[in-house]
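What follows is a short report on a single structure.
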Amino acid sequence: MPEPSKKISKSPVHPLDDLLRTDRIPHIWCSGCGTGTAFSSCLTAIKASGLELDNVVMISGIGCSGRAAGYVKLDSYHTTHGRAIPFATGMKLANPKLNVIVFSGDGDLFAIGGNHFIHAARRNVDLTVICVNNLNYGMTGGQVAATTPFQAKTSTTTTGNPEAPFNLPLLAYASGATYIARWTILHTRDLTNSIIEALNKKGFSFIEVLSPCPVNYGRRNKEKSLDTLKLYQEKGIIKNNANPADTDIDFEKGIILGKFIDIERATCIENYDKTCRLV
Amino acid sequence: MTYWRVPFDANDIEISKGIVYILDDRCKGCGYCIEYCPKHMLQFSKKFNKKGYHPPVAKNPDDCVNCHYCEIICPEFAIYSAEAEEDK
Ligand SMILES: Cc1ncc(C[n+]2csc(CCOP(=O)(O)OP(=O)(O)O)c2C)c(N)n1
Ligand code: SF4
Ligand code: SF4
Ligand code: SF4
Ligand SMILES: [Mg+2]
């Protein structure tokens, strides 16, 4: 085997190290887990957004993806399970100049935290919510989630999931979100561009990121991490402006990706000031 | 590079040149960079890192076009590319 080039061996510094708590790297995510890629894309977007870093905060709930808040070298908060959005809402209302990012999992945001999600979207709280959707509860042993596809196997649905999953973009749209996109970790550049747009947009933004959990979901559904990426490549259909009613996750039919919604609506703070802060 | 149709300006386009850097001890051996490098210039090395994974190594370092794809797909902050300065 050829020797590595000399240039490679001098001690290099990764371009995102300035936004990472490098003393905690390597992180806890398993080999092939997509959370690291989604997190890396989020850091790249924060850098490219042009936002003042002192005003950017990241909030996570509980779960593997919820560990992200512990790795970013910005003000961050690792909250209780399902409560990332209420913490983020409080932070935004107390200090409106903050740019608040919620980075968390599908279980955290849509099972235990589902009610918080729909109401924050309804109120149009100015947040950027990034959901790492790995189709199960990774951290606790791969239990079925509100996002697990019909008939997929998990540790609690060993013969297949008998229920239909949420269509997250449709849920976000019906609840009132003003920016909605879905990508996979393979579509990293599109994902980063969507996060940049969402960070610079006022109102409730939601980005779903499909991401492999090879250790729990993958193992039970006979998908190695590279197989999951191949599936994203083969089944992903990019269709910007797609009707959220058509974006249900069905790997047989194909998975619709893209930016679906980008509209304007008065934010929570604007409506509050107009109605309750009369001078 | 093979094309199904050679672009008219193929000879005028300057292809960027890069250097790929690998932080061996951060790698968890997922193989994403190896699979998706458009130049197919990476492979698993024989050595083990601190955690017992085989980090990638550039088999043809001069092929790197500085596209950064390995850098953005890596879940571990373990690989990145930078522009090669000399010999334009
Ligand atoms: C109040 C409460 N209930 C249950 C749990 C157990 N628990 C921890 S993480 C988790 C689910 C995480 O799933 P998800 O948000 O999809 O994150 P992932 O690990 O898949 O990234 C659960 C149920 C908890 N920590 N706290
Ligand atoms: S259990 Fe799944 S989601 Fe959690 S770190 Fe491992 S691969 Fe990622
Ligand atoms: S920058 Fe592009 S060409 Fe260079 S090693 Fe990475 S993926 Fe391959
Ligand atoms: S993508 Fe990163 S972690 Fe995976 S093999 Fe390449 S360098 Fe290692
Ligand atoms: Mg999950």
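Lettering of chains follows the sequences in order, A, B, ..., and the numbering in each one begins at 1. Small disclaimer: the values here were computed from a predicted structure and weren't measured.
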Any side-chain heavy-atom pair of A:Pro12 and B:Leu23 under 4.5 Å: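 With C-beta onward as the side chain, the pair touches.
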Any side-chain heavy-atom pair of A:Leu226 and B:Tyr36 under 4.5 Å: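 A:Leu226 reaches B:Tyr36 side chain to side chain.
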Does any backbone or side-chain atom of [X] lie under 4.5 Å from a heavy atom of chain A? Answer side chain, backbone, both or neither.
X	answer
B:Tyr69	both
B:Ala78	backbone
B:Asp24	neither
B:Lys50	neither

Sidechain-backbone polar pair: B:Lys28 side chain, A:Trp29 backbone, donor-acceptor under 3.5 Å: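 Judged by distance alone, yes, a pair lies under 3.5 Å.
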Side chain B:Tyr32, main chain A:Gly32, donor-acceptor under 3.5 Å: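 Yes, because the side chain of B:Tyr32 sits within donor-acceptor range (under 3.5 Å) of the backbone of A:Gly32.
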Minimum-distance pair of heavy atoms, taken over all atoms of A:Ser31 and B:Gly29: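 Taking A:Ser31 first and B:Gly29 second, the nearest heavy atoms are OG-C, 4.1 Å.
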Heavy-atom closest pair, residues A:Cys33 and B:Pro75: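 In terms of heavy atoms, the two residues are closest at O-CB, 3.5 Å.
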Neighbour count >12 (heavy atoms, 6.0 Å) for atom NZ, A:Lys224: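 Counting other residues, nucleotides and ligands, NZ of A:Lys224 stays at 12 neighbours or fewer.
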A:Lys47 atom NZ, neighbour heavy-atom count above 12 within 6.0 Å: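 Atom NZ in A:Lys47 is packed in, count exceeds 12.
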Region of A:Thr44 in contact with chain B, defined by heavy-atom distances below 4.5 Å: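 Neither part; nothing is under 4.5 Å.
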Residue part contacting chain B, namely of A:Ser40, when any heavy atom lies under 4.5 Å: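 Contact with chain B involves both backbone and side-chain atoms of A:Ser40.
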Measuring from [X]:[atom1] to [Y]:[atom2], what's the distance to the nearest 0.5 Å?
X	Y	atom1	atom2	value
A:Ile25	B:Asp25	CD1	CG	13.5 Å
B:Ile73	A:Leu229	CD1	CG	5.5 Å
A:Thr188	B:Glu71	OG1	CD	11.0 Å
B:Glu35	A:Leu186	CD	CG	10.0 Å

When B:Ala82, B:Gly31, B:Cys30 are compared by non-hydrogen pairs under 4.5 Å with chain A, the top option: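 Among B:Ala82, B:Gly31, B:Cys30, the one with the most close pairs to chain A is B:Cys30.
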From CA spacing to verdict: side-chain contact (heavy atoms from CB on, under 4.5 Å), B:Arg26, A:Thr22: CA-CA 10 Å; B:Arg26 287 185 178 183; A:Thr22 49; 3.7 Å; yes
Trace of the side-chain contact (heavy atoms from CB on, under 4.5 Å) decision for B:Phe77 with A:Leu43: CA-CA 11 Å; B:Phe77 306 95; A:Leu43 297 187; 4.1 Å; yes
Any donor-acceptor N or O pair under 3.5 Å, side chains B:Glu76, A:His27: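 The answer is yes; a qualifying pair exists.
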Residue among A:Pro26, A:Ser41, A:Pro214 with most heavy-atom pairs under 4.5 Å to chain B: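 Of the candidates given, the most pairs with chain B belong to A:Pro26.
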